[in-house]
2 protein chains.
Amino acid sequence: MKINQVLKALSHPIRREIITRLRDGPQSAGELASNFGVSKPTMSTHFAALKDADLITAERDGVTINYHLNTTVAEEAMSAVMGILGAGEEKAPAIKNKRKKAAI
Amino acid sequence: MKINQVLKALSHPIRREIITRLRDGPQSAGELASNFGVSKPTMSTHFAALKDADLITAERDGVTINYHLNTTVAEEAMSAVMGILGAGEEKAPAIKNKRKKAAI
DNA sequence: ACTCTAATTAGAAAAATATCTAATTAGAGA
DNA sequence: TCTCTAATTAGATATTTTTCTAATTAGAGT
């Protein structure tokens, strides 16, 4: 899984909403685009970023292109984020002799 | 929780590793910096991004500054990411009459 | 073959990000 | 107070990202 591309993809609110919408099933580029106040070419670059991260796949049906969420990669991404942020893990036992002082 | 700042913070590999390291307990700016091949000022900007996202807190002890992981925000961030990517959720029942075609 | 629609690619501009060196701040200790 | 150390802020530059309009591609239908 391309953790770098995946987390870059997740760093933009429009791309996050695209993912959320695709959880309910595939949608065309045009349908997706209609929800956001940006141009279609801008949406295309967001789709490209999500494809680059393998978070979505594209499938052409005649003249329209339908995007699908790649649930496998979505789940891998969740695991990876838990691995980074620490899935309910415990701090190592404290080592003494470190004076604590005021916050900044 | 500042989802935008949090996910921006997670989008850089150095910042991700800072978080991972702080899971084992607080560390000073200098200790953290020694693990990466970038300058100290660059590390300061990464610390600032993490502080802005409330993922870490700073505490001064004399001349050194110790950074702590904010586990509360880290856990909120995990929940948020699961909410976006879909924590084991199911697709809505399929609607028919959508022809499927070749991938692109 | 023409034309219409859906979407992308091309090219450009503005904004944000990442990085560096130099300068500054802040505390500790002689 | 001077000086040393740890770290940040200032200022500059290069790169990347986001966004736009205009042009192109691709398929469907007439």
Side-chain angles (χ1 to χ4, degrees), chain A residues 2-19 21-22 26-53 55-68 97-104, chain B residues 2-19 21-22 26-53 55-68 97-104:
Chain A
K2 301 168 180 169
I3 189 66
N4 242 301
Q5 281 95 323
V6 166
L7 286 172
K8 279 262 176 74
L10 292 178
S11 75
H12 195 289
I14 287 182
R15 291 192 294 261
R16 290 197 293 273
E17 189 170 336
I18 291 169
I19 291 170
R21 287 181 180 276
L22 291 180
Q27 261 185 270
S28 72
E31 285 172 324
L32 287 165
S34 69
N35 300 290
F36 304 95
V38 296
S39 70
K40 258 131 163 285
T42 294
M43 289 302 290
S44 278
T45 63
H46 287 309
F47 297 143
L50 289 163
K51 273 194 286 185
D52 183 48
L55 277 164
I56 65 173
T57 55
E59 168 203 57
R60 180 178 280 275
D61 177 5
V63 88
T64 85
I65 292 177
N66 292 304
Y67 286 106
H68 301 246
N97 289 338
K98 276 194 174 176
R99 281 168 305 157
K100 271 208 184 170
K101 293 294 161 51
I104 294 171
Chain B
K2 300 168 181 171
I3 189 67
N4 244 301
Q5 280 95 323
V6 166
L7 286 172
K8 280 261 176 73
L10 291 178
S11 74
H12 195 290
I14 288 183
R15 291 192 293 260
R16 290 198 293 274
E17 189 170 336
I18 291 168
I19 290 170
R21 287 181 179 277
L22 291 180
Q27 262 185 271
S28 72
E31 284 172 325
L32 287 164
S34 69
N35 300 289
F36 305 95
V38 296
S39 70
K40 258 131 164 285
T42 294
M43 289 302 291
S44 278
T45 63
H46 288 308
F47 297 142
L50 289 163
K51 272 193 288 185
D52 183 48
L55 278 163
I56 64 173
T57 55
E59 167 203 58
R60 181 179 278 275
D61 178 4
V63 87
T64 85
I65 292 176
N66 292 303
Y67 286 106
H68 302 246
N97 288 337
K98 276 196 174 175
R99 283 168 305 158
K100 269 208 185 171
K101 292 295 161 50
I104 293 171

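Quick note: numbers below take in every heavy atom, side chains included, and nothing from hydrogens, waters or symmetry partners. Nothing here was measured: the structure is a model prediction, and the numbers come from that model.
Across every non-hydrogen atom of A:Leu22 and A:Tyr67, the tightest pair is CD2-O, 3.4 Å. When all heavy atoms of A:Asn4 and B:Pro13 are compared, the pair lying nearest together is OD1-CD, 3.8 Å. Of all heavy-atom pairs spanning A:Gly30 and A:Lys40, the tightest one is CA-NZ, 4.3 Å. Across B:Leu55 and B:Ala9, no two heavy atoms sit closer than the pair CD1-CB, 4.0 Å.
Distance, A:Asp61 CG to D:dG27 C1': 11 Å, rounded to whole Å. In this structure, B:Asn4 places its CG atom 13 Å from P of C:dA16, rounding to the nearest Å. Between the CD atom of B:Gln5 and the P atom of C:dA16 there is a distance of 13 Å, given to the nearest Å. Between the P atom of C:dA6 and the CG atom of A:Leu32 lies a distance of 14 Å, rounded to the nearest Å. Nucleotide C:dA6 holds its C1' atom 15 Å from the CD atom of A:Glu59, rounded to whole Å. Regarding A:Phe36, its CZ atom lies at a distance of 15 Å from the C1' atom of D:dT18, rounded to whole Å. In this entry the distance linking CD1 of B:Ile14 with C1' of C:dC20 reads 13 Å, nearest Å.
Listed pair B:His46 / C:dT19 meets the phosphate criterion, a side-chain N or O lying under 4.0 Å from OP1 or OP2. Contact annotation: A:His12 reaches the phosphate of D:dT19 (side-chain N/O to OP1 or OP2, under 4.0 Å). Regarding contacts with the backbone of C:dA18, every side-chain N or O of B:Thr42 stays at 4.0 angstrom or more from both OP1 and OP2.
Across its full length, the helix from C:dA1-D:dT30 to C:dA30-D:dT1 shows an angle of 10° between the axes of its 5 terminal pairs at either end, rounded to 10 degrees.
Using modelled atom types and a 3.5 Å distance limit, the side chains of A:Thr42 and A:Thr45 yield no donor-acceptor pair.
Counting only heavy atoms from C-beta outward, the side chains of B:Val38 and B:Ile14 approach each other to under 4.5 Å. Contact annotation: the side chain of B:Thr64 never approaches that of B:Glu31 to less than 4.5 Å [non-hydrogen atoms, C-beta and beyond].
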Using atom types as modelled, flag every donor-acceptor pair under 3.5 Å from a side chain in residues 46-53 of chain A to any protein atom, sequence neighbours excluded.
{"from": "A:His46", "atom 1": "ND1", "to": "A:Arg15", "atom 2": "NH1", "distance (Å)": "3.1"}

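A distance-only check finds no donor-acceptor pair linking the side chain of A:Arg60 to the backbone of A:Ile65 [under 3.5 Å].
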N/O contacts under 3.5 Å, protein versus nucleotides 7-11 of chain D?
{"from": "D:dA7", "atom 1": "OP1", "to": "B:Ala29", "atom 2": "N", "distance (Å)": "3.3"}
{"from": "D:dA7", "atom 1": "OP1", "to": "B:Gly30", "atom 2": "N", "distance (Å)": "3.2"}
{"from": "D:dA7", "atom 1": "OP2", "to": "B:Gly30", "atom 2": "N", "distance (Å)": "2.8"}
{"from": "D:dT8", "atom 1": "OP1", "to": "B:Tyr67", "atom 2": "OH", "distance (Å)": "2.3"}
{"from": "D:dT8", "atom 1": "OP2", "to": "B:Ser44", "atom 2": "OG", "distance (Å)": "2.2"}
{"from": "D:dT8", "atom 1": "O5'", "to": "B:Ser44", "atom 2": "OG", "distance (Å)": "3.1"}

